[in-house]
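Below, read A as the first sequence line, B as the second, and so on, with proteins coming before strands; counting in each chain starts at 1.
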2 protein chains.
Amino acid sequence: MTSSTPTPDTTDAARRLALLWDPPQPSTRGRKARLTLDDVVEAGTVVVQDAGLDGLSMRKVAAHLGVGAMTLYTYVPGRTELIDLMVDRAFAELDLPGADLPWRTALTRYAREHRDLYLRRPWILQTNMWRLPLAPHVLDAEEAGLRVLAGTGLGPARVVELIGLVDTYVRGIARATVAERAEGSSSGLSNDDYFDTMSGFWTTWFDPERYPTMTRIWEAGGFDAGHASFDATLDRLLDGIELAVDRAAA
Amino acid sequence: MTSSTPTPDTTDAARRLALLWDPPQPSTRGRKARLTLDDVVEAGTVVVQDAGLDGLSMRKVAAHLGVGAMTLYTYVPGRTELIDLMVDRAFAELDLPGADLPWRTALTRYAREHRDLYLRRPWILQTNMWRLPLAPHVLDAEEAGLRVLAGTGLGPARVVELIGLVDTYVRGIARATVAERAEGSSSGLSNDDYFDTMSGFWTTWFDPERYPTMTRIWEAGGFDAGHASFDATLDRLLDGIELAVDRAAA
DNA sequence: CCCGCCTCTCGTACGTTGTACCGAAATGAT
DNA sequence: ATCATTTCGGTACAACGTACGAGAGGCGGG
């Protein structure tokens, strides 16, 4: 809000945030826009769903909208910001637990909703950012998680730490599940080829003497469970949190 | 294993694994090689350290070695495989706990070593793969973790599940720490600019009424701790595991 | 009504990327 | 000396993000 320039020369970072928090309504002046910002974000979401984040190119998004590539830059400063917007839009889909639920139920729902989101839109896990964008709906999710834990009487630092633990767990599981699901289906390998390659690996290079524990666990079927155990492990995690809650209450 | 071709036309995936598990020794025939595979992998590691994974280009690696770009393809099938090799090399740096330590000590060391590795080589966290490559030293690490937990008498499925939980926690913390560390230092923003942008965000767009819990926790200093609490949270996680161990022993 | 300004549209172009292709150069085996 | 084999690397292509600027369309003030 500098007084010298009517439009403060905002930095790139500020521009990026402005788009997320204060999307401009179409101005009445000048030529009419064929698209809305939301159109662009939606097209991006469509493209990314079956091309992956690497396959998300401005040209493809533009083609999907039937416009020239450069047209997108009227609505969005660049690819990075488009992805931010897409993430925000995705997080808006979360059905976050209200304040009425007991904390354990609420946290379970919080975790499941996040996992489902990641499984539905795995590209979110591919965004290379170190943290999620500072976007409204992302903060909504964080707020909901914090609120649940803050209601247990835990100290502020503990609350932050524990919601981080849950987030981290959920992302980890989602990542593993996606890996399992997409194994071989990508890279253009048929399932047979993939199986051949893998069994070839086990017989050719895998040395049971170097990896005895892995071998034993494999033979015992320890790797079979997959990650159907999401809820079970989550419960154990919540047990740990409950312990901290009880300790704080005493 | 078709009989028509003496060298079975291995798939790409098999080639990728072959390079990791059976690096070819330089053949005595033909022109002498100026480089070794290890030279290339090391150069890649150097480049990635200060250019990030996005900045890791074949041309830069080649330039760093003083050779033409295409020369690298004599040693490595492509960029993807080079990254695989770099990851394997990085994991070889881990000082994994031996079988002599009590499980809690061993698991603490396991976790700390991994965290240190990720902080030292953050680009590993940027590799977009859904899971780490099936590489010897990566499996060494996994084996070590599994061995520690298998020694506690837990069932195979539990062992797999819990080591996954630890891995996931470590990666999550490392990611957050890197984010914190690199905040603003990248993107060419000076620290002042970054601070300005951020305080601008809080005053301009952040709405305390929309995010009351976040606001309260912020005011209480709940976010200040950063992630110095790695050990503390890890201890709590190990408490949870100890509970499972005791329950299994009973 | 019309002029001028403002906004959107997008063809062209530049730099960068991974890597396919192929000839040239170098070396051990014969 | 000849040949097979291997490394080396220039050239080239497709795809990428996006800077630039000319054109097209539509509103406000005269």
Side-chain angles (χ1 to χ4, degrees), chain A residues 6-7 12 15-16 19 23-40 43-44 47-48 51-86 126-129 187-188, chain B residues 6-7 12 15-16 19 23-40 43-44 47-48 51-86 126-129 187-188:
Chain A
T7 317
D12 295 342
R15 234 173 239 298
R16 201 162 143 183
L19 198 61
Q25 74 273 14
S27 76
T28 146
R29 320 253 321 191
R31 185 175 177 175
K32 285 265 176 68
R34 295 177 53 186
L35 307 170
T36 62
L37 176 58
D38 218 59
D39 288 334
V40 175
V47 169
V48 85
L53 198 66
D54 293 342
L56 177 77
S57 74
M58 299 303 269
R59 287 171 167 88
K60 268 186 226 158
V61 175
H64 194 269
L65 289 165
V67 300
M70 291 312 294
T71 300
L72 299 185
Y73 288 85
T74 313
Y75 300 89
V76 151
R79 184 175 183 271
T80 313
E81 292 79 2
L82 173 58
I83 294 174
D84 282 355
L85 289 162
M86 286 164 52
Q126 288 191 289
T127 61
N128 262 339
M129 323 301 178
S187 305
Chain B
T7 316
D12 296 342
R15 234 173 238 297
R16 202 163 143 181
L19 198 60
Q25 75 274 11
S27 76
T28 144
R29 320 250 321 188
R31 185 175 174 173
K32 284 261 177 70
R34 294 175 55 186
L35 306 170
T36 63
L37 177 58
D38 217 59
D39 288 334
V40 175
V47 168
V48 85
L53 198 67
D54 293 343
L56 178 77
S57 75
M58 300 303 269
R59 286 171 168 88
K60 269 187 224 154
V61 175
H64 194 268
L65 289 165
V67 300
M70 290 314 294
T71 300
L72 298 185
Y73 288 85
T74 316
Y75 299 90
V76 151
R79 185 176 183 271
T80 313
E81 291 80 2
L82 173 57
I83 294 174
D84 282 355
L85 288 163
M86 287 164 52
Q126 289 191 287
T127 60
N128 262 340
M129 325 300 177
S187 306

Please determine whether a side-chain nitrogen or oxygen atom of B:T71 lies at a distance below 4.0 Å from atom OP1 or OP2 of D:dG9. yes
According to side chain to side chain contact (heavy atoms under 4.5 Å, CB included), who are the partners of B:P23, at least two apart in sequence or on a separate chain? B:L37
Considering all heavy atoms, the nearest B:A43-B:H64 contact: CB-ND1, 4.1 Å
Give me, pair by pair, the N or O atoms of the protein and of nucleotides 21-23 of chain C that are less than 3.5 Å apart, along with how far apart they are.
none

Does any residue of residues 52-66 of chain B have a heavy atom under 4.0 Å from DNA chain D, and if so, which ones, in number order? B:R59
Nucleic acid footprint by protein, nucleotides 23-30 of chain D - heavy-atom cut-off 4.0 Å, B for base, S for sugar-phosphate alone: BBBSSS--
Closest approach to the side chain of A:Y73, judged atom by atom: which nucleotide of D:dG9, D:dG17, C:dC8 is it? D:dG17
Length of the line joining A:L37:CG and C:dC8:C1', which is rounded to integer Å: 15 Å
Note: contacts of residues 79-86 of chain A with DNA chain C (heavy atom, under 4.0 Å) are none
For the CD atom of B:E81 and the CE atom of B:M86, what is their distance to the nearest 0.5 Å? 13.0 Å
Hits for side chain to side chain donor-acceptor pair (under 3.5 Å) against B:T36, two or more places apart or cross-chain, chain-then-number order -> B:D39
Please state how far atom CG in A:L72 lies from atom P in C:dT7, giving the value in whole angstrom units. 19 Å
Which residues satisfy the side chain to side chain contact (heavy atoms under 4.5 Å, CB included) test with A:T80, sequence neighbours excluded? A:R16, A:M129
Show which side-chain atoms of residues 66-77 of chain A pair as donor or acceptor with protein atoms under 3.5 Å away, not counting sequence neighbours.
residue, atom, partner, partner atom, Å
A:T71, OG1, A:G68, O, 3.3
A:T74, OG1, A:T71, O, 3.0
A:Y75, OH, A:L35, N, 3.1
A:Y75, OH, A:L35, O, 3.2

Side-chain donor-acceptor pairs of residues 53-61 of chain B under 3.5 Å, sequence neighbours excluded:
residue, atom, partner, partner atom, Å
B:S57, OG, B:K60, N, 3.2
B:K60, NZ, B:G55, O, 2.7

